[in-house]
Amino acid sequence: VTAYKNADLLAETLARVPRKLLPLISEVAVFDNFSPEKLEDAPESVNESVAWEKLKFFRNPRRVASRNFDEILAPADGKVVAIEEVMENEYCKDQRIQVSIFMSPLNVHVTRYPASGAITYSKYHPGKYLVAWHPKSSTENERTTVVIRTPLFGEIGYRQIAGAMARRIVNYAEVGESVQQGTDAGFIKFGSRVDLLLPLDSAITVQLNQKVVGAKTCIAALAPQDEE
């Protein structure tokens, strides 16, 4: 099992799960600041199947990334729904390749750092709750934007975007801290999307509609250098 930082979200959910369901939980995280006494008041009328399905949103399977400065890894589980060149106006203010990953309600909803480096920007934006695959969700929905300065790619960005069902984003990135590729970067409750914003010379290694696994699937590699 993996330790969670968003203990308050888990406590809120677990407090309504009947005790007899707890032995079934194998992928749900162990976390700090949660008191088992919270379960004492769990109502008997809680629908067990609904409670279990809700609890599965908070699972955090252990992932050990093969850390590599030459690759950008998927920041989340899901399906690639967009690969396009866009103008990034918030921080980098230049053209970027945007790779968008849609996370269905059945996917793991932990987000993970796509690369190792130093956090240079981290900001939360309130907004709408358009469906996560809507093109305008990247700029109009509730979201967080994070930028990492990497050793080889320079600055790369990613956005956690809330969807029609998602109403809470947790972002762990703090400006100035060093982060490791594949480690937990945050959490988005229910259906959502993550956009990667990469330099134009990145060699994209995924295709539209491809399923990806957070901290495992390579999204982009360094572009090959011309031999002199």
* **Single-linkage hydrophobic cluster Ile204~Val80, side-chain heavy atoms < 4.5 angstrom** => yes

* Looking only at non-hydrogen atoms, find the nearest pair between Ser122 and Ala173 and report the distance. => OG-O, 2.9 Å

* **Non-hydrogen side-chain atoms of Ile156 and Pro199 separated by less than 4.5 Å** => yes

* Look at the side-chain heavy atoms of Ile, Leu, Val, Met, Phe, Trp and Tyr, link any pair under 4.5 Å apart, and say whether Val147 and Leu152 land in one connected group. => no

* Asked: Among all residues two or more places apart in sequence or in another chain, which pass the side chain to side chain contact (heavy atoms under 4.5 Å, CB included) test with Ala82?
  -> Glu84, Ser100

* Could you point out which residue of Ile148, Leu197, Thr144, Ile101 forms a side-chain contact (heavy atoms from CB on, under 4.5 Å) with Tyr158? => Ile148

* Among residues two or more places apart or on two chains, list those pairs meeting salt bridge (charged side-chain N to carboxylate O under 4.0 Å, His left out) that have a residue in residues 101-119. => Arg112-Asp184

* **Glu155 vs Tyr121, side-chain hydrogen bond (donor to acceptor under 3.5 Å, both in side chains): CA-CA, chis, key distance, verdict** => CA-CA 10 Å; Glu155 289 188 314; Tyr121 184 77; over 6 Å; no

* Does any non-hydrogen side-chain atom of Phe153 lie less than 4.5 Å from one of Ile72? -> yes

Cut-off 3.5 Å, no hydrogens considered: what does the side-chain donor-acceptor table look like for residues 217-224, sequence neighbours left out?
{"from": "Thr217", "atom 1": "OG1", "to": "Val213", "atom 2": "N", "distance (Å)": "2.9"}

* Asked: Any donor-acceptor pair under 3.5 Å linking the side chain of Asn141 with the backbone of Gly127?
  -> no

* Asked: side chain to side chain contact (heavy atoms under 4.5 Å, CB included) with Glu174: which residues, sequence neighbours excluded?
  -> Glu177

* **Residue pairs involving residues 61-81 (criterion ring-ring contact (aromatic ring centres under 6.0 Å, His included); sequence neighbours excluded)** => none

* Should Met103 and Asp77 count as side-chain neighbours, where that means a heavy-atom distance under 4.5 Å? -> no

* Asked: Can you name the side chain to side chain contact (heavy atoms under 4.5 Å, CB included) partners of Ser66, sequence neighbours left out?
  -> none

